[in-house]
Amino acid sequence: MLHVTNGDSAAERIRAAGVEGPILPWRDVLHDGPVPPGLPLEALSEVRAGFIASRGWGAADEVRASFAERDRTLAASRDEDEVVLWFEHDLYDQLQLIQLLDWCAAHPHPRLTLINPAEYLGMMDAARIRELFDDRATVTPEQLALGRRAWDAFRAPDPRGLEAVIAGGGDAMPHLPAALFRLLEEYPAVGNGLSRSQEQILIAFAGGPSTLREAYPASHHQVEDAIWMGDGSFAGLVQALASGPTPLLAFEDDGDGADGGPGAAMDRRAALTDAGREVLSGGADAVRMNGIDRWIGGVHLSGRDARWRWDADEERLVEAG
């Protein structure tokens, strides 16, 4: 059987638990960067590989080769007796899961099963991994249909389809509504123009200068139940906040940390600027101050007047204009 899971940490735990069969780590941060509509898996992988390479998370040729090998392995899964999907409850995993459910709906497998705990696979012991494996459930037609609907909504240039998926409830996929709600919170807020993650980052630096490595867990532990965002995505958000005509954060050095190796960016120190304090207090709007250039699934937010905003009080998207 083939096991498909969120990344290398979970793959190592599954392997160490003695579960038999090859393991395919999906390895894509779908909440970060473009995920445009209308592309088959291989073409979308080209887009995703280009984005990941552009962020400095790997050499372009190596990243593209990794995606191509991943997609070939998935295509060959029809020859396996069973395909087991291992995914967690958070946004990172749920986006990977709906992508795979969409693909599996178009490429049916006679024995497709799912393990989808409200726990982190990378933190589990072997006994818990084996227990989950023994309790795996067959993927239902309702789950395949919801996965397709959610994946289409995530890639659409109009994000309101995500609200419809959330409103539909989570009978088939109990963790999906909360994950997609968390995605909508990444739209710039009505009022200060910050996404939820950006606001949490600024709060983490509000007490004084600190390294990104220190601010990383602090920004999550304010309100998140665990750290779900990778440090590369976190560092990218910090860099964006420290850029533009009126930076909201300021680094204490002039470099970008790239020359010191993969972890060097996390050792840089930054502090909140006066503009950052003003935005954090609601006295200014980050998008109108510095503009925005960010993809959220199939939506590209750009310029100083983001088309879509998140109204936290009403818990809904608002279209500008």
Side-chain angles (χ1 to χ4, degrees), residues 29 31-34 54-56 159 182-224 227 229-260 264-296 299-315 317-321:
V29 286
H31 60 80
D32 200 347
S54 75
R55 295 292 295 269
R182 182 64 186 85
L183 180 72
L184 294 183
E185 291 180 311
E186 286 304 289
Y187 281 83
V190 171
N192 66 13
L194 297 171
S195 73
R196 175 173 162 179
S197 292
Q198 289 174 324
E199 182 165 353
Q200 290 172 194
I201 289 168
L202 293 186
I203 292 172
F205 284 101
S210 65
T211 66
L212 273 65
R213 196 174 304 281
E214 294 164 337
Y216 176 50
S219 70
H220 281 77
H221 290 157
Q222 298 162 23
V223 288
E224 311 273 10
I227 296 176
M229 180 184 292
D231 58 3
S233 294
F234 172 83
L237 288 175
V238 173
Q239 183 65 53
L241 289 167
S243 304
T246 312
L248 309 186
L249 290 172
F251 288 111
E252 294 185 351
D253 59 73
D254 296 327
D256 60 6
D259 294 337
M266 296 296 287
D267 292 322
R268 300 180 73 194
R269 291 179 64 81
L272 198 62
T273 64
D274 289 341
R277 294 186 187 282
E278 184 181 10
V279 169
L280 195 55
S281 69
D285 185 283
V287 174
R288 295 194 177 97
M289 183 180 286
N290 289 317
I292 189 172
D293 183 7
R294 185 179 183 185
W295 283 87
I296 302 177
V299 177
H300 186 203
L301 301 171
S302 61
R304 294 179 184 267
D305 293 299
R307 179 181 175 187
W308 300 102
R309 296 272 187 151
W310 176 247
D311 187 326
D313 292 333
E314 297 290 333
E315 296 188 344
L317 290 168
V318 177
E319 187 173 10

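None of the values given here were measured: they were computed from a predicted structure.
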Output the distance between atom CG (Leu249) and atom CG (Leu241), rounded to the nearest 0.5 Å.
-> 5.0 Å
Heavy-atom side-chain proximity of Leu317 to Trp310 below 4.5 angstrom = yes
Is the shortest heavy-atom distance from the side chain of Leu237 to the side chain of Arg294 under 4.5 Å?
-> yes
Spacing of CE belonging to Met266 relative to OG1 belonging to Thr211, to within rounding of 0.5 Å | 7.5 Å
Mind checking whether Phe251 and Gln239 have side chains closer than 4.5 Å, heavy atoms only?
-> yes
Going from OG on Ser195 to CD on Gln200, what distance comes out if it is rounded to the nearest 0.5 angstrom?
-> 8.5 Å
Which pair of heavy atoms, one from Ala215 and one from Ala204, lies closest together, and at what distance?
-> O-CB, 3.9 Å
So, do Arg309 and Asp285 sit near enough that their side-chain heavy atoms are less than 4.5 Å apart?
-> yes
Straight-line distance of Glu185 CD to Glu315 CD, nearest 0.5 Å | 8.0 Å
Does a salt bridge link Glu252 with Arg268, judged by any charged N lying under 4.0 Å from a carboxylate O?
-> no
Write down the atom of His31, the atom of Ser233, and the distance for their closest heavy-atom approach.
-> CE1-OG, 3.7 Å
Are Glu199 and Leu280 close enough that some pair of their side-chain heavy atoms sits under 4.5 Å apart?
-> yes
Can you measure from CG (Asn192) to CZ (Arg288) and round to the nearest 0.5 angstrom?
-> 11.0 Å
Val287 and Gly303: which non-hydrogen atoms are nearest, and at how many Å?
-> CG1-O, 3.9 Å
Is a donor on one side and an acceptor on the other found under 3.5 Å between the side chain of Thr273 and the backbone of Pro247?
-> yes
Donor-acceptor pair, Tyr216 side chain versus Ala235 backbone, under 3.5 Å?
-> no
Apply side chain to side chain contact (heavy atoms under 4.5 Å, CB included) to the pair Leu248 and Met289, showing each step before the final yes or no.
-> CA-CA 10 Å; Leu248 309 186; Met289 183 180 286; 3.8 Å; yes
Please walk me through it: do Asn290 and Thr246 pass side chain to side chain contact (heavy atoms under 4.5 Å, CB included)?
-> CA-CA 6 Å; Asn290 289 317; Thr246 312; 3.6 Å; yes
Between Phe234 and Leu212 the two heavy atoms that sit nearest each other are CE2-O, 3.5 Å
From Arg277 CZ over to Phe205 CZ, what is the distance, rounded to the nearest 0.5 angstrom?
-> 12.0 Å
For Leu301 against Ala306, the heavy-atom pair lying closest together | CD2-CB, 4.4 Å
Min side-chain heavy-atom separation Arg196-Tyr187 under 4.5 Å = no
Does some side-chain heavy atom of Pro159 sit less than 4.5 Å from a side-chain heavy atom of Ile296?
-> no
What closest approach, in Å, do Ala286 and Val279 show between heavy atoms, and which atom pair accounts for it?
-> CB-CG1, 4.0 Å
Should Glu314 and Val190 be marked as a side chain to side chain contact (heavy atoms under 4.5 Å, CB included) after you check the CA-CA gap, both sets of side-chain angles, and the distance that decides it?
-> CA-CA 10 Å; Glu314 297 290 333; Val190 171; over 6 Å; no
Would you call the rings of Trp295 and His300 parallel, tilted or perpendicular if under 30° counts as parallel and over 60° as perpendicular?
-> parallel
Taking the side chain as C-beta and beyond, is there a heavy-atom pair between Ser197 and Arg182 under 4.5 Å?
-> yes
